[in-house]
Amino acid sequence: MEQFDVVIVGAGAAGLFCAALTGQRGLKVLLIDHNTKVAEKIRISGGGRCNFSNLDTSPANYLSNNPNFCRSALSRFTPRHFTDLLQQHGIGFHEKHKGQLFCDRSAEDVIGMLLTDCVAAGVTRWQPCRVTGILSGSDTATGSSRYEIACDRGHVQSRALVIATGGLSIPKSGATDFGYRMARQFGLRLVEPRPALVPLTFDSGSWAPYANLAGLSLPVQIAVGERRKKITFLEDLLFTHRGLSGPAVLQISSYWRAGQPIRINLAPDIDLLQTLTQAKIHSRKLIANELARQLPTRLVDVWIQQDSAADNPWQRPINEASDKALARLAERLSRWELTPTGSEGYGKAEVTAGGVDTRDLSSQTLESSQAGLYFIGEVVDVTGWLGGYNFQWAWASAHACAEGLATKLQPARQID
Ligand code: FDA
């Protein structure tokens, strides 16, 4: 049976990077992936240009039951470390907005770099190759951990096993629940996985008035939760046929829980009440027309139509409106509250929140409470905001793991 120091399952962002770094540290590495295509999520990310990191990365940009867990890995491998690597490989990149870093040319450049580094570090890659079973034991002489991995190409043995199989999002890209099954097999706890960075949906009846707005986009402030637990984002909102999407909704979806309302300020850049009160002094236009100066006309039209049965304030000249009526309108538009009935699910989610419980992992090395078993990347209960934070976690956790493997396995190797 062929022997390796480390077997890594999952040749996505975290697995490829970890394999290259571990190989560079002198360990014998086997990387296994069941997919025919390599690193499919890197390829489709950032509209094909891969938003590979974010200059403003900090633990505050991540969700986890333990918000401090990601701190150690992120501080030891920063966005700058990754951009240095890209520069060494002659790969051009640029900042788009809000610190988001993209490839100048194509996401393929990042994949090419990771593959080149794996080859240079002597990593063996078996792909496509299906893992059919994993057994753990210990070396009778040293007492150190041993893993036996059964796969399509035979059985191999390793001293450490790294699970880098990601989350459940986009099943057609090769996503599976393998990582969660492994965690359960070895008695580790899981934080219930759920789709995140995902469009939110509404029941077709209540959404009918807005369905025709599909394609309309506008900057909003969006919020979920109350008081100290309130989360807000200032981003673009996109109307869809089934509900809401765009960066604002993707961001808030990671925090949203079933049954909770979300609140949207449709005119976040102005004080709407003050604007309407000022207009009342100078203008005789209909309120709807005054509003159309601040908001997309299509959106104003939909709000007007909805009020047609009631005493419709929108169709009144603004100079005839009472201050109370204007205050009510401003309040409605700046605190539009609505309760999604669900999300578009794993088929459309960019990531999976939840995952392997960080209480069972070392924040220094990503080794689990099962000796020699490591979890890195999205499979861990660490989920980044939209904007390059998830790849930065993949790189940083892979780096922490590679360092941990080198420290743990290299001295023993010399004794061998
Ligand atoms: P990743 O999913 O990359 O890799 C897991 C690997 O494991 C895959 O190669 C898979 O085939 C393999 N695997 C799964 N099950 C297996 C099994 N049973 N046996 C063997 N192999 C198995 N993030 C970001 O920061 N910036 C961005 O621009 C984007 N854009 C984006 C767009 C879209 C459409 C999606 C779906 C996602 C993003 N993301 C993103 C998120 C980002 O892609 C994601 O967080 C990382 O790829 C996670 O890296 P991992 O290596 O953990 O998993």
Side-chain angles (χ1 to χ4, degrees), residues 7-19 30-54 57 61-62 79 82 93 96 98-103 107 110-111 114-115 125-134 149-153 161-182 195-199 247 250 254 344-353 355-356 366 374-398 401:
V7 168
I8 301 174
V9 186
L16 279 167
F17 195 46
C18 187
L30 171 65
L31 178 60
I32 302 175
D33 199 295
H34 69 152
N35 206 347
T36 44
K37 292 184 187 163
V38 64
E40 189 56 9
K41 280 194 186 161
I42 299 182
R43 195 186 318 279
I44 59 176
S45 67
R49 289 242 168 99
C50 187
N51 178 194
F52 59 82
S53 185
N54 193 299
T57 300
N61 307 115
Y62 294 86
F82 199 77
F93 60 89
K96 226 176 182 177
K98 295 190 176 179
Q100 298 169 7
L101 298 174
F102 285 77
C103 294
V110 174
I111 301 174
L114 296 170
L115 289 173
R125 185 160 58 93
W126 288 355
Q127 185 166 7
C129 176
R130 215 166 43 90
V131 176
T132 50
I134 288 177
I149 296 107
C151 52
D152 286 351
R153 303 203 192 180
L161 175 65
V162 180
I163 306 297
T165 47
L168 296 169
S169 324
I170 321 284
K172 63 176 189 246
S173 74
T176 71
D177 65 350
F178 183 87
Y180 310 133
R181 279 191 278 121
M182 278 303 108
L197 299 181
V198 64
L250 299 187
S254 300
E344 294 281 3
Y346 289 117
K348 292 270 172 69
E350 273 199 20
V351 289
T352 304
V356 179
L366 282 301
Y374 298 70
F375 289 83
I376 57 171
E378 199 180 309
V379 72
V380 177
D381 173 34
V382 172
T383 306
W385 289 2
L386 191 73
Y389 302 100
N390 284 294
F391 279 133
Q392 186 57 35
W393 169 246
W395 317 134
S397 58
C401 177

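Each ligand, and each atom within it, is numbered from 1 in the order the structure gives. As the structure is a computational prediction, the values presented were derived from the model and not from experiment.
- Against a heavy-atom cut-off of under 4.0 Å, Glu378 is close to the following atoms of ligand 1: 44 (C), 45 (O), 46 (C), 48 (C), 52 (O).
- Ligand 1 has no N or O atom lying under 3.5 Å from any N or O atom of Ala175, backbone or side chain.
- Closest protein heavy atom to atom 2 (O) of ligand 1: Lys41 CD, 3.5 Å.
- Using a 4.0 Å cutoff on heavy atoms, Ile170 counts as a contact of ligand 1.
- Proximity of Ala11 to ligand 1 is established by a heavy-atom distance of less than 4.0 Å.
- Near Ile44, meaning under 4.0 Å from one of its heavy atoms, ligand 1 places the atoms 34 (C).
- The protein heavy-atom contact nearest to atom 14 (C) of ligand 1 is Gly174 O, 3.3 Å.
- At a heavy-atom distance under 4.0 Å, no atom of Val131 approaches ligand 1.
- For Glu350 (side chain) and Ala196 (main-chain N/O), no donor-acceptor pair under 3.5 Å exists by modelled atom type.
- With ligand atoms numbered from 1 in the order given, ligand 1 contributes 23 (N), 25 (O), 45 (O) to contacts under 4.0 Å with heavy atoms of Asn390.
- With hydrogens and angles ignored, the 3.5 Å screen pairs a side-chain donor or acceptor of Lys41 with a backbone N or O of Ser169.
- Considering backbone and side-chain N/O of Thr176, one or more are found under 3.5 Å from N/O of ligand 1.
- Of the heavy atoms in Trp393, none comes closer than 4.0 Å to ligand 1.
- Atom 29 (C) of ligand 1 has its nearest heavy-atom neighbour, among Ser45, Ala107, Gly355, in Ser45.
- No side-chain donor-acceptor contact under 3.5 Å links Asp152 to the backbone of Cys129.
- Side chains of Ile32 and Ile8 form no contact here, defined as non-hydrogen atoms less than 4.5 Å apart.
- Of the protein's heavy atoms, Glu350 CG, 3.9 Å lies nearest to atom 33 (C) of ligand 1.
- A side-chain donor-acceptor contact under 3.5 Å links Asn54 to the backbone of Lys98.
- Partner of Phe52 under the ring pair (Phe, Tyr, Trp, His ring centres under 6.0 Å) criterion, out of Phe82, Phe17, Phe391: Phe82 alone.
- Nearest non-hydrogen protein atom to atom 53 (O) of ligand 1 is Gly166 CA, 3.5 Å.
- We find the CG-CD1 distance between Leu16 and Ile42 to be 6.0 Å, quoted to the nearest 0.5 Å.
- Contact atoms of ligand 1 toward Gly10: 6 (C), 7 (O), 12 (C) (distance under 4.0 Å to a heavy atom of the residue).
- Between the Thr165 side chain and the Gly179 main chain, a donor and an acceptor come within less than 3.5 Å of each other.
- Considering backbone and side-chain N/O atoms, Phe52 never comes within less than 3.5 Å of an N/O atom of ligand 1.
- Taking the ring centroids of Phe102 and Phe93, they lie at or beyond the 6.0 Å cut-off.
- Shown in contact with Gly46 at under 4.0 Å from a heavy atom are these atoms of ligand 1, numbered in order with element: 28 (O), 30 (N).
- Between Trp395, Trp126, Phe391, it is Phe391 that holds the heavy atom closest to atom 25 (O) of ligand 1.
- Atom 4 (O) of ligand 1 has its closest protein heavy atom at Gly12 CA, 3.3 Å.
- If you number the atoms of ligand 1 from 1 as listed, the ones under 4.0 Å from a heavy atom of Gly388 come out as 24 (C), 25 (O), 26 (N).
- Of all the heavy atoms in Cys50 and Val110, the pair that sits closest is SG-CG2, 4.4 Å.
- For the ligand labelled ligand 1, residue Ser169 lies outside the 4.0 Å heavy-atom shell.
- At distances below 3.5 Å, at least one donor-acceptor pair connects side-chain atoms of Thr352 with backbone N or O atoms of Leu168.
- Here's the thing with Ala13: one of its N/O atoms is less than 3.5 angstrom from an N/O atom of ligand 1.
- For Asp33, a nitrogen or oxygen atom sits less than 3.5 Å from a nitrogen or oxygen atom of ligand 1, counting backbone and side chain alike.
- Between the side chain of Asn51 and the main chain of Ser53, a donor-acceptor pair closer than 3.5 Å is present.
- Of the possible polar contacts, one joining the His34 side chain to the Gly174 backbone as a donor-acceptor pair under 3.5 Å is found.
- Near Tyr389, meaning under 4.0 Å from one of its heavy atoms, ligand 1 places the atoms 25 (O).
- By the criterion of a heavy-atom distance under 4.0 Å, neither the backbone nor the side chain of Ala39 is placed next to ligand 1.
- Checked against the 6.0 Å centroid criterion, the rings of Trp393 and Tyr389 do not qualify as a close aromatic pair.
- For the pair Thr36 (side chain) and Pro128 (backbone), a donor-acceptor distance under 3.5 Å is absent.
- The N/O atoms of Ala14, backbone and side chain alike, include one that comes under 3.5 Å of an N/O atom in ligand 1.
- Near Asn51, meaning under 4.0 Å from one of its heavy atoms, ligand 1 places the atoms 24 (C), 25 (O), 26 (N), 27 (C), 28 (O).
- At distances below 3.5 Å, not a single donor-acceptor pair connects side-chain atoms of Arg125 with backbone N or O atoms of Asp33.
- When hydrogens are left out, the protein atom nearest atom 20 (C) of ligand 1 is His34 N, 3.3 Å; that is the closest non-hydrogen contact.
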